[in-house]
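Quick notes on the structure that follows.
Values below: all heavy atoms of this structure, side chains included; hydrogens, waters and symmetry mates excluded. In this text, all values refer to a predicted model and were calculated from it rather than measured experimentally. Order of appearance sets the numbers: ligands from 1, and atoms from 1 within every ligand.
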Amino acid sequence: MTEHVFSSEKIRQLQELLHQPKKIVITTHHKPDGDALGSSLGFLHVLAKAGHSISVVVPSEFPSFLDWMNGSGDAIDFRKHPHKVKVVLKNAELLFCLDFNDPSRVEKMQAEITGLDIPMVLVDHHLDPKPGFCNIQFSYPAIGSTCELLVHLLVALNLDHHIDRNAAECFYAGIMTDTGSFRFNSVTAGTHRVIARLMEAGARNYFIHEQIYDTNSSWKLKFLGFTLHEHMEVLEEFNTVIFSASQADMDRFHHEPGDLEGVVNYGLSINKIKMAVLFSERDNLVKISFRSKGSFSVKDIAEKYFEGGGHRNAAGGRSELSLLDTLNKFKALLPSYKDELNRES
Ligand code: 5GP
Ligand code: MN
């Protein structure tokens, strides 16, 4: 497998930190997705095999379609067990922050990780890491997923022989979900070489795909149908599609975490559409998911107007206005992006 080139100094520093068995905590962003949980649990398996003692901490619940990942039952949810999280962090000698690059992305857990006096290592693929957030930062926005980056890093650290089936399946899942099943422009020949390596380690592609995409509840599908039919607005003038989901609709359709995952992508499947956005009510906020095609950057809109960020073609944000006011605020922005949204690219 071709190696990714990392700074030899950073690799040396990390090897030094991992030289002796340590108590290590791995954490990731709020509302962990396949890449966040896959990278955390895959890394857990590898580091445990290398002799370390590992705890995985998540700032909030993950969707049930990730339950199959080995080790998911032992991930400590800060919202449910804040005291347990405080204890493992108090005893930790080293913290890994995976798939996020700004402490605000762990939401209510932020105070727990910013006050720590232990080495912190970042492994992430989002743009613009917060300077000085971690002591050693492996930040590679060109790589499609943190899981892919982590496998390259394990090769560079000479730890990839510890990738067993459990780790391989976690990493595979993260790469698959963050690349839209290997179809985004972030996918390279190197991505497929990593995938080949994971399959050689025993990852079952068919099993993972089935666990993630064929385990919907009937309510989830009904909610998808309802949202597409009742709450999809196509703004042809701006090549934009908007979806919205109110708390009342979520209650009606027995909403579970992850049920709205993927809805926004249906917008991009419409001919000529450049941007799709989902607005959903959550915990007295409106959570916003942005997706785009080509050179149009949703990260900039998320950052500038909705306290968020992410990648050029996939970003998130929030609004404290009502759902209706948030929709209106967004629509009022569109004329200033009209030319860009109508440009061929
Ligand atoms: P999603 O729409 O799936 O929640 O998020 C899409 C992408 O944007 C993910 O890469 C996610 O990490 C990032 N993202 C989502 N919400 C936020 C946010 O509030 N702030 C930042 N900086 N990134 C976000
Ligand atoms: Mn990711």
Under 2.8 Å from the Mn ion (ligand 2), is there an N/O/S atom belonging to [X]?
X: Asp124; value: no
X: Asp35; value: yes
X: His125; value: yes

Identify the heavy atoms of Leu149 and Asp124 that sit nearest to each other, and give their distance.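 Looks like CD2-O, 3.3 Å.
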
Do Glu148 and His152 have a side chain donor and acceptor closer than 3.5 Å?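 Their side chains do contain a donor-acceptor pair, which is all the 3.5 Å distance test asks for.
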
Just by distance, no angles: are the side chains of Ser246 and Asp249 close enough, under 3.5 Å, to form a donor-acceptor pair?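 Yes, a side-chain donor-acceptor pair sits under 3.5 Å.
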
Indicate yes or no: at least one non-hydrogen side-chain atom of Ile270 is less than 4.5 angstrom from one of Met232.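 Yes - at least one pair of side-chain heavy atoms lies under 4.5 Å apart.
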
Hey, does Met69 have a side-chain heavy atom less than 4.5 Å from the side chain of Cys170?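 They are in side-chain contact.
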
Say whether, by atom type as modelled, one donor and one acceptor occur between the side chain of His52 and the main chain of Lys22 under 3.5 angstrom.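 Yes, because the side chain of His52 sits within donor-acceptor range (under 3.5 Å) of the backbone of Lys22.
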
Look only at the side chain of Asp283 and the backbone of Leu285, and say whether a donor-acceptor pair between them is shorter than 3.5 Å.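 No; zero donor-acceptor contacts below 3.5 Å.
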
I need the contact type for Glu261 against ligand 1. Using non-hydrogen atoms and a strict under-4.0 Å cut-off, is it side chain, backbone, both or neither?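 Looking at Glu261 and ligand 1, no heavy atom falls under 4.0 Å.
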
Quick one: nearest non-hydrogen protein atom to [atom], plus distance?
atom: atom 17 (C) of ligand 1; value: Arg105 NH1, 3.4 Å
atom: atom 3 (O) of ligand 1; value: Arg291 NH2, 2.9 Å
atom: atom 10 (O) of ligand 1; value: His126 NE2, 2.9 Å

Please state which option from Gly309, Ala314, Gly308 has its nearest heavy atom closest to atom 24 (C) of ligand 1.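 Of the listed residues, Gly309 has the closest heavy atom.
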
Between Ser289, Ser280, Gly316, flag the one that comes closest to atom 1 (P) of ligand 1 by a heavy atom.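 Minimum heavy-atom distance to atom 1 (P) of ligand 1 goes to Ser289.
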
How is the N/O/S atom of Asp178 that comes nearest to the Mn ion (ligand 2) named?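 This turns out to be OD2.
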
State the atom name: nearest N, O or S atom of Asp99 to the Mn ion (ligand 2).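 For Asp99, the N, O or S atom at the smallest distance from the Mn ion (ligand 2) is OD1.
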
Is any NZ, NE, NH1 or NH2 atom of the basic residue among Arg12 and Glu9 found under 4.0 Å from an Asp or Glu carboxylate oxygen of the other?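 Answer for the salt bridge query: yes.
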
Numbering the atoms of ligand 1 from 1, which are under 4.0 Å from a heavy atom of Lys287?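 Going through ligand 1 atom by atom, the ones under 4.0 Å from Lys287 are 4 (O), 15 (C), 16 (N).
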
So if I count the atoms of ligand 1 from 1 in the order they appear, which ones are less than 4.0 Å from some heavy atom of His311?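 Taking each heavy atom of His311 in turn, ligand 1 has 10 (O) under 4.0 Å.
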
Any chance CG of Asp251 has more than 12 other-residue heavy atoms, nucleotides or ligands included, within less than 6.0 Å?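 Count over threshold, so yes.
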
Just distances here: any N/O of Lys31 and N/O of ligand 1 closer than 3.5 Å?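 N/O-N/O distance under 3.5 Å: no.
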
